[in-house]
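Have a look at the structure below, then the notes.
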There are 2 protein chains.
Amino acid sequence: MATMKDVAKAAGVSLGTVSNVLNNVPTVTEENRQKVLKAIKELKFIPNTAARTLKTKTSKSIGLVIPDITNPFYPELARGVEDAAKKAGLTVFLCNNDRNIQKEREYIRVLIEKNVDGIILVKPNIQAGEIDEIREKCEVVLVDINNIDDKEYDVVNVDDYQGTLNGLNILYEYGHKRIGFITGLLESQSSRYRYEAYIDFLKEKGLEYDEALVKKGSYDWYSGYKAGSELLRLLDAPTAIFASNDLMAIGVLKAARERRLNVPYDLSVMGCDDIDMASLCSPQLTTVRQPKYEIGTASVELLLNRLNSTDKNRSRKGKQIELKTEVIMRESVGYAKT
Amino acid sequence: MATMKDVAKAAGVSLGTVSNVLNNVPTVTEENRQKVLKAIKELKFIPNTAARTLKTKTSKSIGLVIPDITNPFYPELARGVEDAAKKAGLTVFLCNNDRNIQKEREYIRVLIEKNVDGIILVKPNIQAGEIDEIREKCEVVLVDINNIDDKEYDVVNVDDYQGTLNGLNILYEYGHKRIGFITGLLESQSSRYRYEAYIDFLKEKGLEYDEALVKKGSYDWYSGYKAGSELLRLLDAPTAIFASNDLMAIGVLKAARERRLNVPYDLSVMGCDDIDMASLCSPQLTTVRQPKYEIGTASVELLLNRLNSTDKNRSRKGKQIELKTEVIMRESVGYAKT
DNA sequence: ATCTATGAATGAAACGTTACATTTATTATA
DNA sequence: TATAATAAATGTAACGTTTCATTCATAGAT
């Protein structure tokens, strides 16, 4: 493997000059530049990032730590991260933590060992104290945080509360007064926001909170199916069901089908997230879209802000981005029967 | 950031000793080992991989180059790669090439610059010559290759031909004689194998090849929808349709629904791959499952074989793994109407 | 013709590890 | 008791870059 030294020798210049052309330092004369370029091509020289990283303390790689790429929410987010990273000359390590704090810690450690310039932590399980430790080593962006309120961090979030409210309001406009609600895992902040929105929505519309209409789900389709079945079995069954994610909404669709209920004529269903499946299932799911790809790109932007900042004074306040959701009207919501 | 030097000083031993405890070299005395461990903890020392890589020429990272993580086929494969890599102490760079040879080349170059120990190329677009060049720098495993026949490479493939044949035979057992076929992109080897299987199936069963029953698809659901619609519009429409992937099969489901055809009573549909959606759509899709996760783990195994091999003589022949498919019976296939 | 200022190229030190040849300390053998 | 053999610890030279203080060369000013 050819090194810069070899290139220098081949080009008949010094090591420093080779470095200069590689880094586009303008002081090098055109003649030398050409000689070096020629040598690089001939020797098939490829710079060694390890050496560069050792010297410059920047690796041009970042870590993306997510719960599980296999969860249909994350591929698009990951793609957003990757595209934005690539544009900025960064390469990304993909890490799945399975919502397991131990794995999360391991990965973070490995990423630090690898001198990543930054880490994007999606739904982190670790706490503020640990995050501060990480920030001594590299930049950190938090996405969809559970339990960290500090304004000091860079954070990307989604307005889950408002989004859910919007979705429920549409259901209301369609004449629904009895609306079932399936929660996500309430450990997660976004789930709690969605649930709060439901409660506030009822209050605002002067509707009564009926415990029977609220079911706890766990994000997987089967929990939605079960919750949906229970809801539909009710004597006074809801005319619409809001599920805190699409997978569970699809479960509800299944439950409805089993009971020979026609969605949306007999029952309206609304999901959250807008995963691929939402537009592919039948009926197509009306849902509160999460800007998954944009979450990814926004996270990288925050990271780049820090990385390109000359202000190495770390006390700088964090920047919080809140991305907007959007209700995507498809087939699963219709007017309430009167 | 504390270095080994700092640790050595704090522990009152030499640099080499620190290195030895870090690398579990057994010659270090228990007393010193403890002193070093203590110093490491106190100084919160984290080894610097860049320096280690520079010295040892191994980075403990690998690259995974896939078409697009957003394609439902790949998250599971990626997950398989990651899990197997993690177990072996490797971290993985995720690279999406969008089936674009230029992006593929760029990523490969970056990966080499980053001193990856190996690269897993899924559906590579580059040719044998280029691959040989890469192999001068690091190990390479090919997955689902299009156009490279050489037995010299490490390759993971799936028995698409046999899998398709199995699927078609099941359709036949269910009484179907007129079976529509939707191809994938015929640039891809696996698509061609599936198509060949269809042709051979007909021959074997003494069925006539009817051009009208074969439609070209492009892997996305809409192409399946279009092809399905055309097929069902036929005067002598097929009683079953085999789609070369699930997304297109779901498109067929949609086309059938539009024509008020009941799947599987009026029409049987079989897909390929078994993506998540296949079990979530309605009716649930019967499909030829691809062992996506296992493809990932198998690729890493091949990589590890090479990496752990003492035989640095690169002339060693490659190893080809062919993974088995499996027909997953669900709801979309039924008996042909007589 | 000498001196200065400017621009370009050079050379060596440093980054944080590993690896290996030496040195030092300890124990066993004659 | 001296010597050899063994075990443990040390010190130093890489690895391939970047960086920066020097040197060298050229041209302009006096």
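Below, chains carry the letters A, B, ... as their sequence lines are ordered, and counting in each starts from 1. Hydrogens, waters and symmetry mates are skipped; everything else that's a heavy atom, side chains included, is used.
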Closest listed nucleotide, where the reference is the side chain of [X] and the choices are [options]:
X	options	value
B:Asn32	D:dG16, D:dT18, D:dA9	D:dA9
A:Val13	C:dT17, C:dT10, D:dA8	C:dT10
B:Arg52	C:dG16, D:dT17, C:dT18	C:dT18
B:Asn23	C:dC15, D:dA9, C:dT18	C:dT18
A:Phe45	D:dA9, C:dT10, D:dT17	D:dT17
A:Lys57	D:dT19, C:dC15, D:dA9	C:dC15

- [ ] With salt bridge (Lys or Arg N to Asp or Glu O under 4.0 Å) as the test, would you mind laying out the steps for B:Arg109 and B:Glu113 before giving the verdict?
- [x] CA-CA 6 Å; B:Arg109 172 168 229 275; B:Glu113 286 184 9; 2.5 Å; yes
Open item on the list: Let's test your reading of the model: under 3.5 Å, does the base of D:dT17 pair with the side chain of A:Lys55 as donor and acceptor?
Closed with: no
Task: Matching residue for B:Glu130 among B:Arg135, B:Lys137, B:Arg105 - test: salt bridge (charged side-chain N to carboxylate O under 4.0 Å, His left out) - done: B:Arg105
Open item on the list: Under 4.0 Å from OP1 or OP2 of C:dT10: is there any side-chain N or O of A:Ser14 that close?
Closed with: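 A:Ser14 to C:dT10 OP1/OP2: side-chain N or O found under 4.0 Å.
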Open item on the list: When you measure from the side-chain N and O atoms of A:Asn20 to the phosphate of C:dA9, is any distance below 4.0 Å, counting only OP1 and OP2?
Closed with: no
- [ ] Would you mind classifying the nucleic acid contact of B:Leu15 as base, sugar-phosphate or nothing, using non-hydrogen atoms under 4.0 angstrom?
- [x]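 Answer is base: heavy atoms of B:Leu15 come under 4.0 Å of a base.
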Task: Sugar-phosphate only, base, or nothing, as touched by A:Ser19 at under 4.0 Å among non-hydrogen atoms - done: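 Since a base atom lies under 4.0 Å of A:Ser19, the category is base.
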